[in-house]
Protein chains: 4
Amino acid sequence: MPSAPESGVNGLGPAGRAPRRRSDRARLAVLNAADDLLVERGYAGVTIEGIAARAGVAKQTIYRWWPSKFEILMDTLLEDAESALAVPDTGSFAGDLRQHLRQLADFLSAQPAGRVLLALIGQAQHDTGEARAFQQRFGDERRARDRVIFERALARGDIAPGADLDLLADLADGPLYHRVLLTGLPLDGVFIDGLVDRVLASVSRPARSSS
Amino acid sequence: MPSAPESGVNGLGPAGRAPRRRSDRARLAVLNAADDLLVERGYAGVTIEGIAARAGVAKQTIYRWWPSKFEILMDTLLEDAESALAVPDTGSFAGDLRQHLRQLADFLSAQPAGRVLLALIGQAQHDTGEARAFQQRFGDERRARDRVIFERALARGDIAPGADLDLLADLADGPLYHRVLLTGLPLDGVFIDGLVDRVLASVSRPARSSS
Amino acid sequence: MPSAPESGVNGLGPAGRAPRRRSDRARLAVLNAADDLLVERGYAGVTIEGIAARAGVAKQTIYRWWPSKFEILMDTLLEDAESALAVPDTGSFAGDLRQHLRQLADFLSAQPAGRVLLALIGQAQHDTGEARAFQQRFGDERRARDRVIFERALARGDIAPGADLDLLADLADGPLYHRVLLTGLPLDGVFIDGLVDRVLASVSRPARSSS
Amino acid sequence: MPSAPESGVNGLGPAGRAPRRRSDRARLAVLNAADDLLVERGYAGVTIEGIAARAGVAKQTIYRWWPSKFEILMDTLLEDAESALAVPDTGSFAGDLRQHLRQLADFLSAQPAGRVLLALIGQAQHDTGEARAFQQRFGDERRARDRVIFERALARGDIAPGADLDLLADLADGPLYHRVLLTGLPLDGVFIDGLVDRVLASVSRPARSSS
DNA sequence: GAATAACCGAGACGGTACGTCCAGTCTTGAA
DNA sequence: TTCAAGACTGGACGTACCGTCTCGGTTATTC
């Protein structure tokens with residue numbers, strides 16, 4: 001998180017220098033401007049110059065704290081996704097799964113931060129470095145959280161033992177992302193319910209050997 | 001299809017004069033140059049000027065026949081995907097599904113044209129117009145072909161009647177794209193086999209009401 | 001003269017390519033804009049961006065044809081100095097000298113192109129490369145022309161034989177430049193006349209050995 | 001004289017408080033850094049940031065005491081020129097003149113401070129305010145000193161009465177500056193001797209009316 | 001000897017201009 | 001009419017400095 005505000009204890013001991021004093025005003029203005037521009041004009045319409053102008057900030061200030069517009073948008077994503085994508089806890093696997101997918105569907109199709117997420121996924125396809133950054137800063141944590149749902153189900157016995165939880169996560173989230181990223185089909189309630197049913201069905205008994 | 005090679009009857013009756021004599025040399029040189037540049041330098045490294053220079057072609061010639069680099073790459077994709085992604089016909093649903101997924105996994109993770117596909121999917125997230133073009137020129141036809149697998153399975157009784165075939169397609173392809181586009185996990189045989197098993201399991205009996 | 005309009009016979013033989021076709025509109029607009037900016041805002045106020053904006057020209061066009069604002073101003077100087085600084089021919093050494101110095105004084109103190117010349121002399125003190133360019137493109141030719149006055153005087157016998165003509169040129173022009181560049185004293189008629197007298201006096205008999 | 005080193009008694013009467021405690025270390029470090037940078041990289045290579053970095057001084061400290069790099073260099077010039085350009089007193093006009101010109105030639109062509117002087121003369125052509133500052137802080141005093149030579153000569157009768165001493169100063173120094181600033185010709189002994197002879201010749205009898 | 005205030009280093013900030021790359025349009029001359 | 005060539009306007013890039021503005025820390029009087 002390159003732009004974390006002086007994260008952690010830097011205790012700067014006896015001889016420590018005061019760290020660079022970053023302007024929070026500038027930081028927030030940049031994140032908001034980037035977010036706005038993305039929604040209004042799309043990823044290509046997000047330019048450092050445009051952000052600087054809209055945020056009332058000098059370009060140099062942006063370059064001082066972020067290496068690219070990708071990272072700026074990553075910061076906005078992380079701030080926004082936190083709240084919108086909490087791990088559900090309804091008491092049942094079916095309930096957790098359904099709520100998880102509904103949240104995700106809503107996030108991706110209706111919220112500004114969802115637009116940011118899609119743009120970043122898109123950009124990650126163009127640049128391996130950015131793909132890696134996306135993975136580390138967003139993907140890994142997301143995966144860990146989503147995994148909780150399946151681990152709880154496993155503990156409860158809702159999933160047959162020995163299941164590959166990564167695969168189950170792909171099975172649940174994959175179809176949803178597939179629609180948004182590729183086919184453009186709607187993420188409505190019918191789709192979510194059908195998907196939940198299929199995932200539950202696929203999970204209720206051990207995977208057979210497919211030979 | 002902006003760059004269709006002399007598409008259809010261009011009418012021009014008895015006195016008409018052939019309006020355009022498109023150089024096939026130039027066309028192929030452009031497509032190859034774009035392809036090469038994408039693989040070597042990534043999407044941002046594909047520029048019209050770069051293509052023109054490498055193809056030994058004037059920029060104007062490119063603009064005459066293609067509206068954007070997106071469409072150039074789309075043309076290369078369509079030429080290459082045709083052969084690599086044929087509809088399988090093994091005689092069984094499980095067989096068809098597995099072969100379909102293996103083909104797709106190989107295409108996405110090992111072939112140059114797969115790189116092009118990923119780049120275009122990525123770019124489609126940035127521009128609705130290009131997303132639409134992607135859908136029309138690549139997505140719809142793909143979906144129609146893939147659907148064949150499920151229609152045959154339905155006819156054979158391998159899938160319980162009344163199933164939503166779009167959903168099943170999402171269920172099969174989604175996890176695979178999810179891995180490539182988002183998590184970066186490998187598309188190995190274990191994954192494919194597990195996925196096939198789960199899809200078969202989810203499909204072998206009617207979807208319950210999910211209440 | 002980097003921006004000479006396709007100078008000379010380029011006869012491009014049988015296989016010759018047509019040379020780059022330069023826009024004269026852009027060229028003149030740039031030279032005028034640079035000239036105007038210099039007069040209005042001084043040398044530091046002449047910026048490539050400013051010239052481009054005022055000339056209605058793209059920065060790239062400027063960089064295509066000129067390496068620096070110094071060379072742009074050099075071009076304007078050369079175009080303007082030609083007419084204003086013709087070699088006088090009055091029939092007498094005193095007359096030639098006086099007219100030469102009057103022309104020069106007027107040029108330096110009253111004409112826009114004189115401002116350009118002073119700015120370039122100033123800039124040449126900051127950069128040896130530009131000093132060299134100034135010498136080659138302006139100085140050498142100027143010196144050759146001014147020399148004519150002294151050569152004629154020598155031929156006529158107005159100057160004692162054996163005189164160092166370079167020194168005489170320094171003696172005539174130096175005091176004038178000294179005033180403009182260093183002391184700021186006026187270049188009025190009194191000064192010119194006094195200077196002419198002194199030069200004539202210094203020249204009317206052979207330089208003694210100064211031991 | 002913006003940066004006079006705690007000039008004179010600053011009075012501060014009975015109740016006055018010493019207003020500023022200027023760090024001499026910083027002052028000298030700045031002057032040296034500026035001087036070095038000028039010699040190494042030329043006038044454009046002298047930047048406030050560069051001086052600050054090299055001098056180990058904060059930019060603010062520089063801006064506290066100097067309004068511009070021009071004034072910094074002016075300070076270095078004044079400190080260095082004092083000793084190098086003393087008024088000669090050889091007993092004869094010819095001797096004084098020759099020694100004066102030799103000193104000046106050496107200063108301009110061989111000493112670091114001469115480089116500074118040339119740069120400041122150059123810069124003065126670009127900015128009238130700086131030209132004025134140059135005049136006041138360097139020019140006027142210089143002129144007053146040089147005048148002494150001619151005043152002594154006048155008193156001694158080496159110069160015909162009624163001569164315009166300003167003109168004579170231009171006549172002596174002008175050719176020398178002309179060579180350095182414009183033509184780049186060498187300031188060698190031959191040149192100096194020839195110049196001295198010409199000036200003496202021009203001065204030994206009253207200037208005629210030049211009609 | 002403590003208080004205090006100007007000085008100092010460091011460097012973030014809003015800006016301007018730099019010189020470069022590429023976009024997309026236009027014009028020329030050859031095939 | 002198409003093509004290679006490349007000049008044109010224009011927008012954004014990432015960098016270098018500008019001059020201003022806090023920050024704490026240091027230091028030299030003054031109480």
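This one's a predicted model, so the numbers in the text were calculated from it and none came from an experiment. So you know, we letter chains A, B, ... as the sequences are listed, proteins then strands, and number each from 1.
One can place CG of B:Asp24 at 14 Å from C1' of F:dT2, the figure rounded to the nearest angstrom. Per the geometry, CZ belonging to C:Arg22 stands 12 Å off P belonging to F:dT9, to the nearest Å. When the C1' atom of F:dG6 is taken as reference, atom CD1 of B:Ile62 falls 14 Å away, rounded to whole Å. For the pair B:Leu37 CG and E:dC22 C1', the computed distance is 14 Å after rounding to whole Å. In this entry the distance linking CD of B:Glu71 with P of E:dG24 reads 13 Å, nearest Å. Separating the CZ atom of C:Arg21 from the C1' atom of F:dA4 is a distance of 11 Å, rounded to the nearest angstrom.
Remark: B:Thr47, B:Ile48, B:Glu49 in residues 41-51 of chain B come within less than 4.0 Å of DNA chain E through at least one heavy atom.
Side-chain N/O atoms of A:Thr61 include one lying less than 4.0 angstrom from OP1 or OP2 on E:dG14. Within the 4.0 Å cut-off from OP1 or OP2 of F:dT27, not a single side-chain nitrogen or oxygen of D:Ser23 is found. Proximity of B:Trp65 to the phosphate of F:dT2: no side-chain N or O atom is located under 4.0 Å from OP1 or OP2. For A:Arg25 and F:dC21, the shortest distance from a side-chain N or O to OP1 or OP2 is not below 4.0 Å.
In this structure, the nucleotide among E:dC8, E:dG15, F:dT9 sitting nearest to the side chain of A:Ala58 is E:dG15. Comparing E:dG9, F:dC8, E:dT20 by their closest approach to the side chain of C:Tyr63 singles out E:dT20.
Taking CD1 from D:Ile51 and CD1 from D:Ile48, the interatomic distance works out to 5.0 Å, rounded to the nearest 0.5 Å. Separation of atoms OG1 (B:Thr47) and NZ (B:Lys59) is listed at 9.0 Å; rounding is to 0.5 Å. Separation of atoms CG (B:Asp127) and CZ (B:Arg132) is listed at 8.5 Å; rounding is to 0.5 Å. Here the NZ-OH distance, from B:Lys69 to B:Tyr43, works out to 5.0 Å after rounding to the nearest 0.5 Å. How far CZ of A:Phe70 is from CD of A:Gln123: 6.5 Å, rounded to the nearest 0.5 Å.
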*Let me see the working for A:Glu71 and A:Arg137 under side chain to side chain contact (heavy atoms under 4.5 Å, CB included), right down to the final yes or no.*
CA-CA 10 Å; A:Glu71 292 288 344; A:Arg137 299 191 58 205; 2.5 Å; yes
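Side chain D:Gln60 to base F:dC21: a donor-acceptor pair is found below 3.5 Å.
The closest donor-acceptor contact from the side chain of D:His126 to the backbone of C:Gly42 lies at 3.5 Å or more, if one exists at all. Between the side chain of C:Glu79 and the main chain of C:Asp75, no donor-acceptor pair closer than 3.5 Å is present.
Recorded end-axis angle for the helix from E:dG1-F:dC31 to E:dA31-F:dT1 stands at 10°, based on five pairs per end and rounded to 10 degrees.
Positionally, the nearest nucleotide of DNA chain F for A:Lys69 lies more toward the 5' end than for the other of A:Lys69 and D:Ser68. Both C:Lys59 and B:Arg64 sit near DNA chain F, but only B:Arg64 has its closest nucleotide nearer the 5' end.
Both cation-pi conditions hold for C:Arg22 and C:Trp65: the charged atom is under 6.0 angstrom from the six-membered ring centre and inside a 45 degree cone around its axis.
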Without placing hydrogens or testing angles, list every side-chain donor-acceptor pair under 3.5 Å for residues 28-39 of chain C, not counting sequence neighbours.
unit_1	atom_1	unit_2	atom_2	d
C:Asn32	ND2	C:Leu28	O	3.4

